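Below is one structure; the comments refer to it alone.
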Amino acid sequence: MVDKYEQVLELAKRRGFLWNSFELYGGTAGFFDYGPLGAMLKRRVENIWRDIFVINEGYYEIEVPTIGIEDIFIASGHVGGFSDPLTECQKCHEAFRADHLVQDMEENPDTLSAEELTAVICKNDVKCPECGGKLGNAYEFNLMFKTSIGPGGKRMGYLRPETAQGMFVDFPRLLKFYRDHLPFGATQIGKAYRNEISPRQGVIRLREFTQAEAEIFIDPRDKTHPKFKDVSDVIMNLYSQEGQASGETKKIALGEAVKNGIIAHEFLAYCLAMTHKFLIRVGVSPEKMRFRQHMKDEMAHYAADCWDAEILSDRFGWVEVVGIADRTDFDLKAHAKQSQKELSVYVAYDSPKKVRKFVVKPDMGVLGPMFKGKAAKVANALKALKAQELSGDEIEVTVDGEKIRIDKNSVKFETITEEIHGENIIPHVIEPSFGIDRITYSLLEHSYFEEEAKEKIEDEEEESGELRIVLRLPSEVAPVQAAVLPLLSRDELIKPGTEIINKLRKVGILVAFDDSGTIGRRYRRNDEIGTPYSITVDYQTLEDATVTIRDRDTMKQVRAPIKDIENNVYDLIYRGKSFEDAGI
RNA sequence: GCACCGAUGGUCUAGUGGCUAUGACUUUAGCCUUCCAAGCUAAUAACUCGGGUUCAAAUCCCGAUCGGUGCACCA
């Protein structure tokens with residue numbers, strides 16, 4: 001059976017969008033090349049993402065190495081957690097999740113190491129669930145690609161499994177860059193790597209893929225969004241936790257969803273709105289898009305709320321293409337712990353708070369010579385005492401189990417009133433994370449149409465039986481944006497064509513020239529790769545310096561002057577000018 | 001990683017132990033052609049890889065790779 005995936009991939013291969021990588025050497029699963037048109041398409045998708053997140057929201061883009069050092073991934077949990085304990089049957093060689101097999105025997109099997117799991121399997125004499133054979137030792141299969149840094153191979157490095165860590169690691173620098181103010185965000189578009197056990201589903205699961213991620217650092221006490229009112233009326237397909245219980249997707253306005261507590265807060269809802277806007281702008285069909293909330297048990301323990309944007313694919317069903325999560329302070333805390341640095345923001349109060357504070361001031365001039373190496377410990381013990389305990393003539397503290405008496409004159413204490421102007425807080429992180437490859441594939445699939453071409457016979461339109469393949473890509477993402485076609489392959493028609501090409505190129509439009517074969521064939525060729533506008537030079541051009549512009553989707557034509565053609569076409573592609581308005 | 005199925009020009013495909021491996025579309029060059037894959041002439045281009053059986057293998061056998069499906073894994 002030929003399904004849409006097959007049709008789209010056949011076209012993508014043939015016309016230079018997507019190719020299996022390393023085909024010359026037989027290919028390798030989980031890797032895809034973007035051909036000339038595919039790379040351009042993907043670039044345009046990325047640039048729309050930049051337009052929304054970087055230019056319009058002000059979350060600047062950074063770029064960090066794709067190789068990360070071990071500390072980063074210890075902190076992120078990828079070294080320990082981004083792997084699964086597997087055990088293989090010695091007889092039928094089936095692989096199983098070791099922790100799943102011992103679920104009934106242990107409290108928290110997912111916390112056990114591979115060795116511990118092996119022990120549990122031996123102790124309980126767990127057999128292969130398939131054939132009853134003996135199970136081998138459990139081992140960790142980590143999904144990160146490992147490499148070594150420098151000669152000697154001693155320093156471990158990993159290809160990053162996500163781009164997010166770059167923003168967390170650069171947090172102190174980013175905080176300074178944004179002049180110590182919350183909220184702020186940084187983004188990154190780049191490659192990530194996961195050594196999938198068995199990648200399937202073509203471009204849906206890759207071992208090397210492109211992510212576009214934003215990490216937005218916000219004040220945990222204020223998860224509102226200043227621009228939320230602009231999007232509160234936006235209606236979206238929400239597949240909430242509740243909805244999933246009954247299998248129901250609801251169309252609901254964002255404002256209402258936040259009010260009803262379906263979406264945790266405004267900031268997250270605003271990110272859903274941005275995602276919605278982005279996906280539609282690049283060419284995903286709105287009716288084939290939904291936002292699915294993570295179930296409680298599916299969500300990471302630290303996450304406050306998490307929504308996936310899912311796109312309906314003909315073969316693969318609902319595919320996750322974006323994850324939008326409130327990750328709270330988990331990541332910053334983890335890196336603070338691993339790096340032993342403080343990762344927090346000083347936030348000033350609206351007005352300073354007066355705080356009464358009891359302070360103990362040991363006289364180190366006396367205590368130092370008296371206790372020598374122990375002096376610091378003694379001083380700390382004194383500082384922990386309350387006013388009452390300090391009021392006697394002699395003060396007693398216990399240091400390392402030893403009772404020590406100290407004269408009251410060696411310790412001063414008082415209650416002071418201090419003005420506090422603010423505090424250090426650990427920001428929460430809102431993380432929208434986009435899978436660019438999946439999105440690029442999805443919009444190809446949603447743009448792909450096969451239709452009977454209409455034929456004009458004596459002004460009556462009739463089905464010609466001819467198949468027309470059209471990629472109805474939004475003109476903004478179409479790799480080739482305009483084609484210049486002389487009606488006939490003759491010098492006098494080619495000449496004005498070159499002039500038009502130069503004009504279009506000056507304003508940054510990618511334009512193709514084609515004079516081989518009949519005009520109809522050339523229109524079809526351009527339909528197939530999604531070129532939105534074809535400009536045809538005919539004999540009338542030589543008389544009045546006008547050309548025809550053909551619209552890919554309707555196949556309609558208008559006449560327009562060569563003068564100013566570049567702005568005319570630019571407005572059609574980027575400024576939403578209507579096709580009728582492009583004609584004279 | 002396991003099991004089953006498959007792999008022939010760019011794409012789709014015929015084919016069988018035996019001459020030079022079908023055909024269509026595409027592409028390229030030329031002719032023709034005044035707006036939607038028209039026609040004519042020519043050209044380019046393929047048996048996934050490695051090993052085995054055989055006088056002879058694209059065809060049969062084994063292995064690998066890739067692709068599809070199921071299991072497992074995973075977003």
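Order of the sequence lines sets the chain letters (A, B, ...), proteins ahead of strands, with each chain counted from 1. If you're wondering where the values come from, they're calculated on a predicted model, not measured in any experiment.
For A:Leu488, counting side-chain heavy atoms from C-beta on, the closest listed nucleotide (B:rA75, B:rC73, B:rU34) is B:rU34. Distances from the side chain of A:Met555 to the nucleotides B:rA75, B:rU34, B:rC36 place B:rC36 closest. Listed candidates were B:rC35, B:rG68, B:rA75. Nearest to the side chain of A:Arg315 is B:rG68. Each of B:rA75, B:rC35, B:rG68 was ranked by its minimum atom distance to the side chain of A:Tyr5; first place goes to B:rG68. The side chain of A:Ser489 sits closest to B:rU33 out of B:rU33, B:rA75, B:rA38. For A:Glu10, taking side-chain heavy atoms from C-beta onward, the closest of the listed nucleotides B:rC35, B:rC36, B:rU11 is B:rU11. Distance from the side chain of A:Tyr539 is smallest for B:rU34 among the nucleotides B:rA37, B:rU34, B:rU11.
Counting distance only, with no hydrogens placed and no angle test, the side-chain atoms of A:Tyr523 and the base atoms of B:rC35 include a donor-acceptor pair under 3.5 Å. Contact annotation: side chain of A:Arg550 to base of B:rC36, donor-acceptor pair present below 3.5 Å.
Straight-line distance between the C1' atoms of B:rC55 and B:rA43: roughly 37 Å, to the nearest whole Å. Here the separation of B:rG1 from B:rA72, taken at their C1' atoms, is 8 Å to the nearest Å. Nucleotides B:rU27 and B:rG18 have their P atoms positioned 35 Å apart, rounded to a whole Å. Between B:rA57 and B:rA42, the distance separating the two P atoms is 35 Å to the nearest Å. Here the separation of B:rU59 from B:rU16, taken at their C1' atoms, is 6 Å to the nearest Å. Taking atom P in both B:rU54 and B:rA21, one finds a spacing of 26 Å when rounded to whole Å. Straight-line distance between the P atoms of B:rA64 and B:rA3: roughly 9 Å, to the nearest whole Å. Only the C1' atoms considered, B:rG39 is 49 Å distant from B:rC4, to the nearest whole Å.
In this structure, B:rA3 forms a base pair with B:rU69, meeting either the Watson-Crick or the G-U wobble geometry with both donor-acceptor distances under 3.5 Å. Under the Watson-Crick or G-U wobble criterion, with both distances below 3.5 Å, B:rC32 has no partner in any strand shown. Judged by Watson-Crick or G-U wobble contacts below 3.5 Å, the nucleotide B:rC60 has B:rG52 as its partner. For B:rA21, there is no paired base (Watson-Crick or G-U wobble, both distances below 3.5 Å).
In this structure, the ring of A:Phe32 has its center no less than 6.0 angstrom from the ring center of A:Tyr441.
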Polar pairs (N or O, both sides) under 3.5 Å between protein and nucleotides 22-30 of chain B?
| from | atom 1 | to | atom 2 | distance (Å) |
| --- | --- | --- | --- | --- |
| B:rU26 | OP1 | A:Arg521 | NH1 | 3.0 |
| B:rU27 | OP1 | A:Arg525 | NH1 | 2.2 |
| B:rU27 | OP2 | A:Arg521 | NH1 | 2.9 |

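Below 30°, between 30° and 60°, or above 60°: for A:His276 and A:Phe291 the angle between ring planes is between 30° and 60°, a tilted geometry. Using the six-membered ring where Trp is involved, A:Phe434 and A:Trp49 have ring planes that are perpendicular, over 60° apart on the 30 and 60° scheme.
Atom OH in A:Tyr533 sits about 18 Å away from atom C1' in B:rC36, given to the nearest Å.
Residue-level contact check: A:Glu492 touches neither bases nor backbone, having no heavy atom under 4.0 Å from any strand. A:Thr28 comes within 4.0 angstrom of the backbone, heavy atoms only, and of no base. Among the protein residues, A:Glu528 comes within range of the nucleic acid bases, having at least one heavy atom under 4.0 Å from a base atom. Note on A:Gln557: a base of the nucleic acid sits closer than 4.0 angstrom, heavy atoms only. Residue-level contact check: A:Glu320 touches the bases, meaning some heavy atom is under 4.0 Å from a base atom. Residue-level contact check: A:Gly435 touches neither bases nor backbone, having no heavy atom under 4.0 Å from any strand.
In terms of phosphate contacts, A:Thr536 brings no side-chain nitrogen or oxygen within less than 4.0 Å of OP1 or OP2 of B:rC35.
Map A:Lys556 and A:Pro199 each onto its nearest nucleotide of RNA chain B; the residue landing nearer the 5' end is A:Lys556.
Looking at A:Tyr539 and A:Arg490, their side chains do bring a donor and an acceptor atom within 3.5 Å of each other. Between the side chains of A:Glu70 and A:Tyr158, at least one donor N or O lies within less than 3.5 Å of an accepting N or O. In this model, no donor atom of one side chain and acceptor atom of the other lie less than 3.5 Å apart for A:Thr536 and A:Asp538. Judged by distance alone, the side chains of A:Ser516 and A:Arg525 do bring a donor and an acceptor atom under 3.5 Å apart. There is a side-chain donor-acceptor pair under 3.5 Å between A:Asp437 and A:Tyr34.
For the pair A:Arg290 and A:Trp318, the cation-pi test (distance below 6.0 Å, angle within 45°) is passed.
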